[in-house]
Amino acid sequence: MKEMEFDEQARQVLQILRQGAFLTTCAAEQTNTMTIGWGYLGWAWRKPVFAVMVRHNRFTHELLEKNGEFTVTLPQEDMSKELAFCGTKSGRNTDKIKACDFSLIPGKTVSVPLIVCKALQYECKVVGKTEMTPAGMEEAQFKQWYDKVPGDYHTFYFGEITASYITQ
Ligand SMILES: Cc1cc2nc3c(=O)[nH]c(=O)nc-3n(C[C@H](O)[C@H](O)[C@H](O)COP(=O)(O)O)c2cc1C
């Protein structure tokens with residue numbers, strides 16, 4: 001495990017997100033992970049943040065509302081099978097951690113564990129959240145992303161980065 005500054009691998013973070021990363025949450029003793037493709041590394045309220053967008057219908061959304069801490073694991077090795085699995089199955093009816101045979105390590109600064117692999121790792125605490133709404137959104141974009149399932153918007157969760165490191 002090697003510590004890194006939160007922005008040290010910023011370009012790689014954005015590149016890996018295009019293939020997918022794991023957003024892990026944990027509440028009521030249940031740990032779950034889902035694949036994310038959208039995320040933001042930056043500054044808000046003078047804090048380093050990792051922001052993620054989670055639709056209301058995701059089990060992850062339910063867990064994040066119960067415990068506002070999360071981890072992001074950005075794999076530097078091929079995990080396409082696991083990313084596809086965790087991006088299509090829901091933790092509501094599948095134990096994805098078990099099914100993917102993931103090993104977990106405890107968070108250093110959060111109550112949520114991280115997936116062990118060769119990866120960039122972030123530990124985050126939600127310090128703000130906001131809802132995506134039709135107001136102010138370009139109509140074509142709205143139709144493309146939010147028209148099919150009414151009300152299934154994304155919540156943007158702004159997670160203050162409390163630790164960032166690389167695992168082998
Ligand atoms: C490549 C990829 C990227 C994804 N990115 C997101 C995302 O950024 N936000 C989101 O809400 N869902 C995203 N999804 C869909 C969720 O991963 C998927 O709905 C998952 O089954 C939700 O799991 P959960 O119900 O256990 O939370 C993505 C799926 C894939 C395959």
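Start at 1 and go down the list; that is how both ligands and their atoms are numbered.
- Considering each of Ala21, Gly37, Gly91, the one bringing a non-hydrogen atom nearest atom 26 (O) of ligand 1 is Gly91.
- Residue His61 does not touch ligand 1, judged by heavy-atom distances below 4.0 Å.
- Remark: among candidates Thr94, Thr60, Leu64, Leu17, the nearest residue to atom 27 (O) of ligand 1 is Thr60, based on non-hydrogen atoms.
- Checked against the 6.0 Å centroid threshold, Trp45 and Phe158 count as a close aromatic pair.
- Distances from atom 20 (C) of ligand 1 to the heavy atoms of Ala84, Ser80, Cys86 show the closest one on Cys86.
- Between Glu62 and Arg92 there is a salt bridge, with a side-chain nitrogen of the basic residue lying less than 4.0 Å from a carboxylate oxygen of the acidic one.
- Evaluated by nearest non-hydrogen atom to atom 24 (P) of ligand 1, the leading choice among Phe22, Phe85, Phe59 is Phe59.
- For atom 10 (C) of ligand 1, the closest non-hydrogen atom on the protein side is Met34 CE, 3.3 Å.
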Check residues 2-11 and write down every donor-acceptor pair under 3.5 Å in which the side-chain atom is one partner and the other belongs to a residue at least two apart or another chain.
residue	atom	partner	partner atom	Å
Glu3	OE2	Lys108	NZ	2.5
Glu8	OE1	Glu5	N	2.8
Gln9	OE1	Gln12	NE2	3.1

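- Of the options Lys96, Arg58, His154, the smallest heavy-atom separation from atom 23 (O) of ligand 1 is shown by Lys96.
- Counting only heavy atoms of the protein, atom 18 (C) of ligand 1 lies nearest to Gly87 O, 3.2 Å.
- Between the side chains of Gln121 and Thr73, at least one donor-acceptor pair of N or O atoms lies under 3.5 Å.
- Ligand 1 has a nitrogen or oxygen under 3.5 angstrom from a nitrogen or oxygen of Met53.
- You'll find the ring centres of His61 and Tyr157 inside the 6.0 Å limit.
- In this structure, Arg92 does not count as a contact residue of ligand 1, since none of its heavy atoms falls inside 4.0 Å of the ligand.
- One finds a salt bridge joining Glu65 and Lys129 here, because a Lys/Arg side-chain nitrogen approaches an Asp/Glu carboxylate oxygen to under 4.0 Å.
- In terms of protein heavy-atom proximity, atom 25 (O) of ligand 1 is closest to Ser90 OG, 2.7 Å.
- Ligand 1 places these atoms under 4.0 Å from at least one heavy atom of Asn32: 24 (P), 26 (O), 27 (O).
- Sorted by first and then second residue, the salt bridge (charged side-chain N to carboxylate O under 4.0 Å, His left out) pairs involving residues 153-168 (not counting sequence neighbours) are Lys47-Glu160.
- A donor-acceptor pair shorter than 3.5 Å cannot be found between the side chains of Asn32 and Thr24.
- Aromatic rings from Trp38 and His154 are positioned such that their centres are separated by under 6.0 Å.
- Protein heavy atom at the shortest distance from atom 6 (C) of ligand 1 is Thr35 O, 3.5 Å.
- Near Val54, meaning under 4.0 Å from any of its heavy atoms, are these atoms of ligand 1: 11 (O).
- Evaluated by nearest non-hydrogen atom to atom 11 (O) of ligand 1, the leading choice among Arg55, His56, Lys89 is Arg55.
- Ring pair Phe50/Phe70: centre-to-centre distance not below 6.0 Å.
- Under 4.0 angstrom from ligand 1, there are no non-hydrogen atoms of Val52.
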